[in-house]
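Working notes for the structure below.
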There are 2 protein chains.
Amino acid sequence: MGQQPHVTLDDVARAATVSLATASRVLNGTARVRADLRDRVLAAAEDLAYTPNAHAQALAGASSQVMGVICHDVSDPYFAGIARGVMRAATEHDLQVIMGSTFRDPAREVAYVSMMRGQRVRAVLLIGSGFEDRGWQEEMRRELGLYTAAGGRVAAVSRHRGLRIDSVLPENRAGAAALARALLDLGHREFAVLTGPRALTTVVDRLGGFTDALAEAGVTLAADQIVEGAFTRDGGYAAATELLGRGLRATCVFASTDVMAVGALAALRDHGLTVPADVSLAGFDDIPIIRDLTPSLTTVALPLEDLGKGVLELILRPERTARSRIERVPGTVVLRASTSAPPERKRRRTLPDSPLTELRPSP
Amino acid sequence: MGQQPHVTLDDVARAATVSLATASRVLNGTARVRADLRDRVLAAAEDLAYTPNAHAQALAGASSQVMGVICHDVSDPYFAGIARGVMRAATEHDLQVIMGSTFRDPAREVAYVSMMRGQRVRAVLLIGSGFEDRGWQEEMRRELGLYTAAGGRVAAVSRHRGLRIDSVLPENRAGAAALARALLDLGHREFAVLTGPRALTTVVDRLGGFTDALAEAGVTLAADQIVEGAFTRDGGYAAATELLGRGLRATCVFASTDVMAVGALAALRDHGLTVPADVSLAGFDDIPIIRDLTPSLTTVALPLEDLGKGVLELILRPERTARSRIERVPGTVVLRASTSAPPERKRRRTLPDSPLTELRPSP
DNA sequence: GCGCTTTCAGTAAGCGCTTTCTGGCGTACG
DNA sequence: CGTACGCCAGAAAGCGCTTACTGAAAGCGC
């Protein structure tokens, strides 16, 4: 149980009877070294199971092989999908990943950037919408400024207000518009929307694209048919419940994310509605599981893994211009079983205004 | 765009007109420092937005604040749940996390341990079953040995053959046995099992516990009713399809994991069977989504987040004994809509032996 | 054959911290 | 009043690397 220290480059050099510098050069391939010396070094390193001390390397000026990734919640399928792409690309490029989960706390996000600055990571990847609070935006701008000023690189999936950073942007606006048109084509004219926190760019874009496309078709969205909720399954459930409480006056509900749609589906069902017979439901993102729901969910498919792989590779490419680089990734409307033509007039009229009342036990 | 370097402790000391040593002591609270000096240092650090260089700290001997986490796939809901718990605990303890995703490649697992040794992480956390291959077990043992010999700590969720390491162990055997008894109580006597890769401890334990409990009730499991598949949704789908191809002779199917069960559910449905009317289906783990499936899945619930939090905190506790510490976490049987009493004899007899044939287009 | 360039191994100077050691000062005690 | 001691700030020695810089040997032209 003797606590033997780590094998150092010095040990390797000694074992190979060469100088420290030579050993370093061989191991990094930095310069030509006579074949026999090189072989001795390689053999010694192998023998001693030498692994360079990353801290020493970093301190001595070698470029960092560690990337920082910040997301809201690693267990959210949306982030998980993107994270998978990031990990895949990181593996391919021999990069390590420090993962940060903010649990949706803006203070934690700022703290992570600071900590990653301390770790001298090669780049920071922001996955998911930034926070709406003006104060935190300032904090982030300052913290990221400190980091980039010292040579750090920052990139994001999704738009960040007020931050000019490289990004891979899902085309939320166009995707939502395309979805709206597909829904109109099905015959729907009355819609409700379940959004996430209102000031997130993702939310604004998806809602905006959706309503714009409706407007083009001469359809308007009643204000009381838009409900804001948290970007979680339970947030979707709560939002849908709220909508039902207000009185559902729509033949089709659009949830800003699939995760919310999953909750909404449960809420609609719990309140006695059948999807899509009574009401159609659509989401956004195409997280894997929604294919297996009953009914399978209509959505706007985003290539989540590619998004992750994309940011990582975007940030790896050396920048030529001072302007931030933006890569747009389109979404694809996927019509599944949760959407259908709206119920016939007659049938719809028989629906209770608020199904909630129906469920209350009679006094 | 002048690439200004990072602020160093030296800058702080200079700004506060104290020595480097004093600044270090103040910032770390290592020793008493006169109040006015301390205030000056603190103010200077704040002013300059100083963040210590983690590499320099590590190199100079400060204990690492970084943990290494290795899992098979960050986007698998089982790992995602555990990872969430790990991240939560890490946040609470002010620890950073380097995440590794092996994509189920044993070579990558070994490579990650080596790299984490290079990063001098404080501990390595293995999430998920180890690999069955004897050769890779040897590789891992060697690599982990190198790491622990140098003072590293290792812990795991799930049993690792041949590796004596601290672990948080879900009670797979007892959980599966309890599930079997619950299923027997429902009236089932004929079972089929969809397992993951056979030599994984998790698989062995779950299958073993299940069959043991059946045996106790005098029920045996036909060999051809056990199908091995990959630990993925598609693996579950394929395994269930294989089972149907062989001829399903069971009123209840147990999938080793919920993820597989999701695939199995889809396969059963695609082949014209209704769950649970025609056949009951149960899984294991209780990943969040299965509550929202139709039918919602019966399972053995594991507190995934607690598992993650548990390993991290287990490894943080200083070890007293040389023996590996093991913390057992029980699972809870949760009966949901995917299981019911077996269909009545009469009805079952009318089912085709192999529904597959029915679906083939007539020639 | 002499002085030039070229090639390549070795020496040493940091990188930014922590921590031991040194030393100055103020207080308590003989 | 002088000596011993405690307290706390500063000087300096690394931690394990990378990378100039140094210098020895070898190859070349005249």
Determine whether the side chains of B:Gln137 and B:His160 contain a donor N or O and an acceptor N or O closer than 3.5 Å. no

Check: B:Glu313/B:His93 side-chain N/O donor and acceptor closer than 3.5 Å: yes

Distance-only check: which donor-acceptor pairs under 3.5 Å involve side-chain atoms of residues 12-19 of chain B, not counting sequence neighbours?
residue, atom, partner, partner atom, Å
B:Arg14, NH2, B:Asp10, OD2, 2.1
B:Thr17, OG1, B:Arg40, NH2, 3.2
B:Ser19, OG, B:Ala21, N, 3.4
B:Ser19, OG, B:Thr22, N, 3.2
B:Ser19, OG, B:Thr22, OG1, 3.1

Validation row: A:Val311, A:Ser167 side chains within 4.5 angstrom (heavy atoms): no

When pairs are called at under 3.5 Å and a stem needs at least three consecutive Watson-Crick or G-U pairs, the stems of DNA chain D are C:1-30 with D:1-30

Contact list for residues 13-55 of chain A, test ring-ring contact (aromatic ring centres under 6.0 Å, His included), sequence neighbours left out: A:His55-B:His55

Tell me which of B:Arg120 and B:Ala35 sits closer to the 5' end of DNA chain D, going by the nucleotide each one is nearest to. B:Ala35

Taking the nucleotide of DNA chain D with the nearest heavy atom to each, does A:Ala56 or B:Arg34 sit closer to the 5' end? B:Arg34

Using a 3.5 Å cut-off and no angle test, enumerate the donor-acceptor pairs between side-chain atoms of residues 57-66 of chain B and protein atoms at least two apart in sequence or in another chain.
residue, atom, partner, partner atom, Å
B:Ser64, OG, B:Val66, N, 3.1
B:Ser64, OG, B:Arg120, O, 3.4
B:Gln65, OE1, B:Arg122, NH1, 3.0

Tell me, please, which residues at least two apart from [X] pass side chain to side chain donor-acceptor pair (under 3.5 Å).
X        : result
A:Arg317 : A:Glu327
A:Arg25  : none
B:Thr91  : none
A:Arg34  : A:Asp36

Tell me which residues in residues 8-21 of chain B put a heavy atom below 4.0 Å from DNA chain D, sorted by number, or none. B:Val18, B:Ser19, B:Ala21

Per the under-4.0 Å heavy-atom filter, residues of residues 41-54 of chain A near DNA chain D come out as A:Tyr50, A:Pro52, A:Asn53

Keeping to residues at least two apart or across chains, list the salt bridge (Lys or Arg N to Asp or Glu O under 4.0 Å) pairs with something in residues 80-92 of chain B. A:Asp73-B:Arg84, B:Arg84-B:Glu305, B:Glu92-B:Lys309

In the 5' to 3' direction, the nucleotides of DNA chain C bounding the stretch that comes under 4.0 Å of a heavy atom in chain B are C:dG16 to C:dT20

Step through it carefully: locate the ring centre of A:Phe79, locate the ring centre of A:His72, and say whether they are under 6.0 Å apart. yes

